[in-house]
Structure formats: C-alpha cells, structure tokens
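Heads up, the thing below is written out as structure tokens.
Numbers for residues simply follow the sequence, beginning at 1. Ligands are counted one by one from 1 in listed order, and the atoms in each one are counted from 1 as well.
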Amino acid sequence: MSPKIKVFTVVGTRPDTIKLAPVLYELQSREDITSILCSSGQHKEMLEQALSIFGLLPDINLDVMIPGQSLESLTSRMLTLIADALEEANPDYVIVHGDTTTAFCAALAAFYKQIPVVHVEAGLRTHDVREPFPEEFNRQAIARIARLNFAPTPKAVSNLIAEGVDPDSVFMSGNTVIESLKIVSERISKGGSLASRVDGELNQLFDFDYRFSKTVLITMHRRENIGDGIKDVCTAIANLASAFPETKFVFPVHLNPSVGKDVRQILSGLSNVYLVAPLAYAEFVALLSNASLIITDSGGIQEEAVSLGKHALVTRKATERDEGVENGLLEIVSTDGDQIFQSASQILNQSSADAVPVVNPYGQGEISKFIVDVVLKHAK
Ligand code: UD1
Ligand code: UDP
C-alpha cells in the first residue's frame, strides 16, 4: 500500500468552517488520507457554534482571538502560530477556504514552507481591494500561491485565468455551501433531535411562530460598513418595521462590538424587530428557508439565498457573487436607506414571496468528493 497523504485543513471563522465541513467529512472518509484539522480560533463563540453543528473536533487549536483584534495583530500572531503547527505536522497539502485572515495566513505559512496550498472557493472577485476589505486582497493573494484552485463557478474560473493563474491548476468544482446546506436541511427535515432543538430554540427566542410568519432576516458585519453604513441600513430597517407592522424583522447580531453598538442603538425596543445573538447554523438555515426577504452584507448568505431561491438585498457597493445578480435574486443596494426601503417594500408587497426556483449556479452536489479526488490524483 502506498503511504497515506497528510492533509492539513485550516479553519478559523464561522463561514470557512461551515463550508469546509463537507470537505472534512470527505477527507475523513478516505483510507489513503490522514486528515488534520487546525483551528486558528480567529473566531471564538461563532466558530464553536459552527464546529459543533458538524461534530468537528480540531486536532490543533491555536485560540488566537482577542476581542476587538486588529488585522495586523491577528495576522502576525496567526502567521507564526500556523507556521509552527505546520513545522510539527509536516503535511503534504494545506487546504484553506475563501478570503479570511485565517485562509491568507495559512496559505502564506504553507507557501513559506513550500507545502502545496489547496484553495477552496477560489476566483471570486470584485476587482476592488477596498471592497470587501481586506477579503478581496486575501483572495487575490492566495491565488498567487495556490497549487490547486477550486473555483465554484465558470465566472470564478475565468477570473483566475484572466489573472494568469496556470489553467492546469484551476478546477470548476461548484461551491461546497450547497452540501453544507443540504446536510443541515436534511437533518432538520428528518424531524429528529436537531429538528426539535431548532424549534425549541426559535420558539424560545420569538413570540411568533417563525414557520407561519412573514419574516425578514438581516445580517451585517463587513468592516467597510462599520459606522455610517450600518447606521444607514438600521435606520432603513426601523422605517420598514414601522411600514410593515405585521412583518417580523430578525437580526442575529455579529459579535464584533463595533457592529452591535450601532445596531442596538437604532433598533432596540422596536416591537417587531428581534435582535438576537448569532444563531447556530441549523437555526439560521431554518429561518433562511422560511424568510420572505434577506438583507445582508454576508458572502455566504448571498449564496445560500440564491440556492434556496430567496430574494436578498445586498448591502454592499459590489459583490463577488454576480451569479445571483444575473439570475435576479440578488440586488446590490449598497447602504442607501431609500433604496433599501423601496426594494424591500416592493418584495414585501408581493402577494407571495415564496421561493423562486432557479438553476443553482453553485452546482448540484458531489463537490467535496470532486475536490478530494483531485487532491489525491495530484499527489500520485
Ligand atoms: C471575519 C472575516 C470575514 C468574514 C467574517 C465572518 C477577515 C479579515 N474577515 O470578519 O471575511 O466574513 O469573519 O463572520 O478574516 N468576535 C467575537 N466572537 C466571535 C467572533 C468575533 O467576540 O466568535 C468579535 C471579536 O471582538 C473580534 C471581532 O468580532 O475582534 C471581529 O472578528 P474578526 O474575525 O477579526 O473579523 P470579522 O469581522 O468577524
Ligand atoms: N450564519 C449562521 N448564523 C448566523 C448568521 C450566519 O450560522 O447567525 C451562517 C450563514 O448561514 C452562512 C455563514 O454563517 O453559512 C456566513 O457567515 P458570515 O456572514 O459571518 O461570513 P461571510 O460569509 O460574509 O464571510
């Protein structure tokens, strides 16, 4: 038997953990792979929630989060700690996801040690390094050093090729978010203990039944929106809540204190606005699946909205997820209060805001299997 290959996967935040969970399941299922999961701990509570829903137990915990961390201190601490962990584990491949500081530091540390980097969710671009900040830069930088690039859509493939990335290193894979959503949605719809937990948690949080109420689900956290952007979006939500008193506006507030301060100042105390702590993924998926409208500056939630056929207003100047704009489910509204009010009102006034069936631009499944097969083939 040929020796096992050692694959070192690094997660650190809520979105990379959720989207790498199916890849980690696939790695763990292969006899010819030794899978090592390293958690940078860039997030704490939000990371715990994501690891726990997928039953993932990191082999290495770097525990770097400091409340209110700056990008430079986070980056410098994490780069050294990941490099030390790589030195000790001496893997054949390092897998990173997307555009976080965790992904950037892990890719850079692996590059310095000349370990091949596998980039999952490669090639998304706004082409403006200030938006999303600093994620657009992180994603572009990882493309310069990745040995294997898994691009979720044809557009992401062409972005990489246009930048001169070696076409032989680029694979159109679909987006693993489809599998994450499927895993959790199926577990909820089976009606077992997870379904009861979700119903119990959500019934405890709300004085309405989320399954039969018209809801708008809101999240905000991008660095470039902190301050005026978040204030403008929250003011628009306060106006919408007053114009649509029967609609419930649910806002799980990101734990970044610079986000929560303004959200709570503007939206606390409104009777049909529900400010809650970040929700575990299963509870969040249940709400997403029942929402009439989503308002968000999140990357992953744009993909989930499109996958579920939901309308989402994207509170950013630009998106690296154009596929959903092209199929009419996403609208870029920036943080412009008037535009948010107008577009949201239009959707909420429709007689039915049911899911709109679309061809999912992110694929149909078997994405993680494809990714792991390519890594194994590359190793031989
Ligand atoms: C990071 C990612 C962003 C991703 C987001 C997902 C970077 C540069 N940004 O941004 O791409 O969209 O995660 O949510 O990597 N905090 C806690 N507990 C937690 C998580 C965060 O208290 O579990 C607080 C801390 O005060 C922390 C702050 O939130 O300092 C910001 O966290 P950080 O990871 O630096 O940035 P995000 O804005 O979360
Ligand atoms: N999410 C969650 N609970 C919440 C809000 C979001 O589980 O309260 C999930 C969401 O379904 C998506 C991911 O977190 O899968 C997106 O994370 P986030 O918006 O923090 O980061 P981004 O995708 O913008 O990088």
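Among protein heavy atoms, the minimum distance from atom 16 (C) of ligand 2 is reached at Ser298 OG, 3.7 Å. Given atom 21 (O) of ligand 2, the protein heavy atom at minimum distance is Pro15 CG, 3.3 Å. Closest to atom 11 (O) of ligand 1, if we only count protein heavy atoms, is Glu135 OE2, 2.7 Å. In this structure, atom 13 (C) of ligand 2 lies nearest to the protein heavy atom Ile18 CD1, 4.0 Å. At the top of the distance list for atom 6 (C) of ligand 2, counting protein heavy atoms only, stands Arg14 CZ, 3.5 Å. The protein atom (non-hydrogen) at minimum distance from atom 10 (C) of ligand 2 is Glu304 OE1, 3.3 Å. Regarding atom 21 (C) of ligand 1, its nearest protein heavy-atom neighbour is His43 CD2, 3.7 Å.
Counting heavy atoms from C-beta on, the side chains of Arg139 and His119 come closer than 4.5 Å. Side-chain contact between Asp63 and Leu81 is absent, with no heavy-atom pair separated by less than 4.5 Å. At a threshold of 4.5 Å between non-hydrogen side-chain atoms, the residues Leu24 and Phe54 do not count as touching. Contact annotation: the side chain of Ile115 approaches that of Leu86 to within less than 4.5 Å [non-hydrogen atoms, C-beta and beyond].
Looking at Thr102 next to ligand 1, no N or O pair under 3.5 Å apart turns up. Where the criterion is an N or O separation shorter than 3.5 Å, residue side chain and backbone included, Gly68 meets it with respect to ligand 1. The shortest N or O to N or O distance between Arg223 and ligand 1 is under 3.5 Å. By the 3.5 Å distance cut-off applied to N or O atoms, Leu279 is counted among the residues near ligand 2. Between Asn138 and ligand 1, no pair of N/O atoms sits closer than 3.5 Å. Not a single N or O atom of Asp297, backbone or side chain, sits closer than 3.5 Å to an N or O atom of ligand 2. Inclusion of Met46 in the set of residues having an N or O under 3.5 Å from an N or O of ligand 1 is warranted. Ligand 2 has an N or O atom lying under 3.5 Å from an N or O atom of Gly300, backbone or side chain.
Heavy-atom proximity to atom 22 (O) of ligand 1, evaluated over Met65, Lys44, Arg14, is greatest for Met65. Nearest to atom 35 (O) of ligand 1 by heavy-atom distance, out of Gln69, Gln42, Glu48, is Gln69.
Short contacts between ligand 2 and Pro252, defined as distances under 4.0 Å to a heavy atom of the residue, involve ligand atoms 8 (O). Set against the non-hydrogen atoms of Pro278, the atoms of ligand 2 under 4.0 Å away are 8 (O). In summary, the atoms of ligand 1 found under 4.0 Å from a heavy atom of Pro134, numbered by their order in the structure, are 8 (C). If you number the atoms of ligand 2 from 1 as listed, the ones under 4.0 Å from a heavy atom of Gly299 come out as 22 (P), 23 (O), 24 (O).
Between Phe104 and Phe137, the ring centre distance stays below 6.0 Å.
A salt bridge links Asp128 to Arg130: at least one charged side-chain nitrogen sits closer than 4.0 Å to a carboxylate oxygen. Note on Arg222 versus Glu131: no salt bridge recorded, every NZ/NE/NH1/NH2 to OD/OE distance being 4.0 Å or above. Salt bridge annotation for Glu283-Arg197: present, with a cationic side-chain nitrogen under 4.0 angstrom from a carboxylate oxygen. A salt bridge between Lys44 and Glu48 is absent, with no side-chain N of the basic residue lying under 4.0 Å from a carboxylate O of the acidic one.
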Side chains of residues 173-181: which donor-acceptor partners sit under 3.5 Å, not counting sequence neighbours?
residue: Ser173; atom: OG; partner: Ala151; partner atom: O; Å: 3.4
residue: Asn175; atom: OD1; partner: Val177; partner atom: N; Å: 2.9
residue: Asn175; atom: ND2; partner: Glu121; partner atom: OE2; Å: 3.0
residue: Asn175; atom: ND2; partner: Glu303; partner atom: OE2; Å: 3.3
residue: Thr176; atom: OG1; partner: Lys19; partner atom: O; Å: 2.6
residue: Glu179; atom: OE1; partner: Ser368; partner atom: N; Å: 3.1
residue: Glu179; atom: OE1; partner: Ser368; partner atom: OG; Å: 2.4
residue: Glu179; atom: OE2; partner: Glu366; partner atom: N; Å: 3.1
residue: Glu179; atom: OE2; partner: Ile367; partner atom: N; Å: 2.8
residue: Glu179; atom: OE2; partner: Ser368; partner atom: N; Å: 3.2
residue: Ser180; atom: OG; partner: Ile18; partner atom: O; Å: 2.9
residue: Ser180; atom: OG; partner: Thr176; partner atom: O; Å: 3.2

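A heavy-atom separation below 4.0 Å is found between Arg222 and ligand 2.
Only side-chain heavy atoms of Phe284 come within less than 4.0 Å of ligand 2; its backbone N, CA, C and O stay farther off. Under 4.0 Å from ligand 2, the heavy atoms of His221 that appear belong solely to its side chain.
Take Phe284 and apply the ring-ring contact (aromatic ring centres under 6.0 Å, His included) test, not counting sequence neighbours, and it matches no residue.
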(message) Could you go through Asn360 and Ser307, starting from their C-alpha distance and side-chain angles, then the distance that decides it, and tell me whether this counts as side-chain hydrogen bond (donor to acceptor under 3.5 Å, both in side chains)?
(response) CA-CA 6 Å; Asn360 195 327; Ser307 302; 3.2 Å; yes

